[in-house]
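Report on the structure given below.
Residue numbers start at 1 and run along the sequence shown. In this text, all values refer to a predicted model and were calculated from it rather than measured experimentally. All ligand and atom numbering here is 1-based and tracks the order in the structure.
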Amino acid sequence: MSNYHVKNLEEYFQVYRKSVRDPETFWGEIAEENFLWRKPWDTVLEYNFEKPEITWYKGAKLNITENCIDRHLYARGEKTAIIFEPNDPKEKAEHISYNQLHDRVCRFANVLKENGIKKGDRVCIYLPMIPELAISLLACARIGAIHSVVFAGFSAKAISTRINDCDCKMVITSDGSFRGSKTIDLKGIVDDALESCDGIETVLVVKRIHSEITMVEGRDRWLQPLLDEASNMCQPEIMDAEDPLFILYTSGSTGQPKGMVHSTAGYMVYTAYTFKNVFQYREDDVYWCTADIGWITGHSYIVYGPLANGATTVLFEGVPAYPDWGRFWEVVEKHKVNQFYTAPTAIRALAKERLDFSEKHDLSSLKILGTVGEPINEEAWHWYNDTIGKKKCPIVDTWWQTETGGIMISPIPFSTPTIPTFATLPLPGIQPTLMDEVGEELSGNMVSGRLCIKFPWPSMARTIWGNHKRFKETYFSAYKDMYFTGDGALRNSTGYYRITGRVDDVIIVSGHNLGTAPIEDSINEHPAVSESAIVGFPHDVKGSALYGYVILKETGETRNHDNLRKEINQIITEHIGPIAKLDKIQFTSGLPKTRSGKIMRRILRKIAEKDASNLGDTSTLLNPEVVQEIMDNAL
Ligand code: WT7
């Protein structure tokens, strides 16, 4: 029996028990047998959740790109590593072999070096889903630079905040991006962002849409000519196991986004291990994850996890509705995709469309379907299972987070019996538990509480960039000696977990994790606004949509409310991005507050959900009269 590849339920239980009984032997064996190390470790794990300080494979030396590329060259040099499927179906797909990937990553890495990037420097990447995106991550990793990818749907303000937070020296972007029938001026957005970033010395620009852009003399350089001149050999920088590999920002319940820092060795081992098991990847499979590399899903399960296994991974530039709602299924048929991994919001949108969009394509290559990002509702699950999987493909409902680096709770396909809406069982090495509000662990089954993890796993984030205190407070202070996830969950009679949603002030809209505070801060910048509060409400396609309660400075504000709504959404778009726009905006004279001045979001949530019949206890409110007004004017 191999620890690395779990093939049936009995093996799962055996491996799981071993991973809990003796985690160091378990993770030591997996690391030793499946990866390339330049120097072995002294200890597998040292940790202290109090501080918190977590160290995996201390003393080991490696380079993750040797593991993702070089070591495959002998046996898989001509195998396709990446299939690039462009936005426009008429543009030819590109098959990049492991040999070609090696060549391109080395050239790019040399260009980074020639432009002053050294080990430990931070590089901001703001690119569409084109091969250069995956290659730029790997090129940074090749030379030990820390990448910080910013999703190419974010605004100039969001980019500059992220660049300044971790002092990036360089930005890698493109002239623009294709998105369905539209183009987006990425370079223009970067130019705006850089007006408030002093540390950026170089901007490397990929030519993708051939638009007219301005190049700032001495700062901006076209990438292609530099690549053409660079050598295709670049010795990998030998890194310590705990050297940071990347920073990725995620929203929190207060203003500033959190730069989650992931380390090299533990992240590599865990993403590779979970990719192999959750997708049961076999040598000739074609695997497709539709996420953007700008999110953790893309980092772990488009780039690092698949490539560490020598897999073929599809990189899709387009959107599900272009040129029509059959695009996903056309791509599945064209590339004979075996594992398909997407988000509930996409599934719900696709399920609303005519059946012939999927029926006219041959989906028989599919073996496994995956979902991630938010709870999947039963209806969407059944549509996915019946219409796409033809009841033959197990659905892996994978629960995890930016902070966890890899999938934590998920069925192992063909082994774990699935139940709609349940993420089922923890993967080997993961020790989840449920806690009540006063800090007691809930034992037994048929309980619901707050989801925590009791023991470290290799790919957990090590800190928040520049703010270890916040790391401790957010994740390790709610419950002693535990990592707190921010999610609520229930455990059924067979020990399966069902994730019920966030218990903090984070709302998941179309799978995007949005903190309420930064959105409220943006709204409050409108000159007519004095205060605001955001809550989520159920939405057919997005899962949750945003409902804003806004207090105007002058109650007699004469401007048209619809114009104000547009202006507010415009500000949000500028500050955060269009994904954070509000679906509903209700103007009100006050917000329900506790005596300590905290907004009682529970009440606002109930009203937004049209469930105001039972508002619970409102006696502790400072201003109970406002509740009636809000109810009367609810949208
Ligand atoms: C939050 C993390 C992990 C990659 C995408 C999101 C929610 C994630 C599931 C799932 C129910 C899920 C949780 C989690 N979530 N997967 N299978 N079922 N909820 O990463 O942006 O860091 O968001 O997404 O609430 O805490 P993220």
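- Legend: ring-ring contact (aromatic ring centres under 6.0 Å, His included) pairs involving residues 367-405, not counting sequence neighbours, sorted by first then second residue: Tyr301-Trp400.
- Between atom 26 (O) of ligand 1 and the options Ile409, Asp487, Thr371, the minimum heavy-atom separation is to Asp487.
- For ligand 1, the atoms lying closer than 4.0 Å to a non-hydrogen atom of Thr398 are 9 (C), 10 (C), 16 (N), 17 (N).
- For the atom pair OG1 (Thr342) and CH2 (Trp288), the distance works out to 7.5 Å, reported to the nearest 0.5 Å.
- Taking every heavy atom of Ile296 and a limit of under 4.0 angstrom, the matching atoms of ligand 1 come to 4 (C).
- Each of Phe471, Tyr475, Tyr47 was checked for a side-chain contact (heavy atoms from CB on, under 4.5 Å) with Pro52, and the lone residue meeting it is Phe471.
- Which parts of ligand 1 touch Thr402 is read off a 4.0 Å heavy-atom cut-off, strictly below it: atoms 20 (O), 21 (O), 22 (O), 27 (P).
- Atom 1 (C) of ligand 1 has its closest protein heavy atom at Ile508 CD1, 3.8 Å.
- Taking SG from Cys393 and CG from Asp386, the interatomic distance works out to 11.5 Å, rounded to the nearest 0.5 Å.
- Residue Val506 does not touch ligand 1, judged by heavy-atom distances below 4.0 Å.
- At a heavy-atom cutoff of 4.0 Å, ligand 1 is contacted by no atom of His512, backbone or side chain.
- Rounding to the nearest 0.5 Å places NE2 of His299 at 8.0 Å from CG of Leu245.
- Here the protein heavy atom with the shortest distance to atom 23 (O) of ligand 1 is Asn513 ND2, 3.0 Å.
- Protein heavy atom closest to atom 7 (C) of ligand 1, with residue, atom name and distance, is Gly373 O, 3.3 Å.
- Put simply, part of Trp400 is less than 4.0 Å from ligand 1, judged by heavy atoms.
- A centroid separation of 6.0 Å or more is found between the aromatic rings of Tyr304 and Phe275.
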Atom pairs and distances, donor-acceptor, side-chain atoms in residues 417-428, under 3.5 Å, two or more places apart:
from	atom 1	to	atom 2	distance (Å)
Thr421	OG1	Arg498	NE	3.3
Thr421	OG1	Arg498	NH2	3.4

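- Distances from ligand 1 to the non-hydrogen atoms of Ala423 include no value under 4.0 Å.
- For the pair Gln401 and ligand 1, the shortest N or O to N or O distance falls below 3.5 Å.
- Residue Gly511 places no N or O, backbone or side chain, under 3.5 Å from any N or O of ligand 1.
- Geometrically, Lys584 engages Phe537 in a cation-pi contact, judged by NZ or CZ lying under 6.0 Å from the ring centre and within 45° of the ring axis.
- Ranked by closest heavy atom to atom 19 (N) of ligand 1, the top entry among Glu403, His299, Met260, Glu374 is Glu374.
- A cation-pi geometry, defined here as NZ or CZ lying under 6.0 Å from the six-membered ring centre and within 45° of its normal, holds between Arg162 and Phe154.
- Going from atom CG of Asn513 over to atom OG1 of Thr250 covers 4.5 Å, rounded to the nearest 0.5 Å.
- Close approach of ligand 1 to Asp397 is summarised as follows: ligand atoms under 4.0 Å from at least one heavy atom of the residue are 10 (C), 17 (N), 18 (N).
- Here's the thing with Thr297: none of its N/O atoms is less than 3.5 angstrom from an N/O atom of ligand 1.
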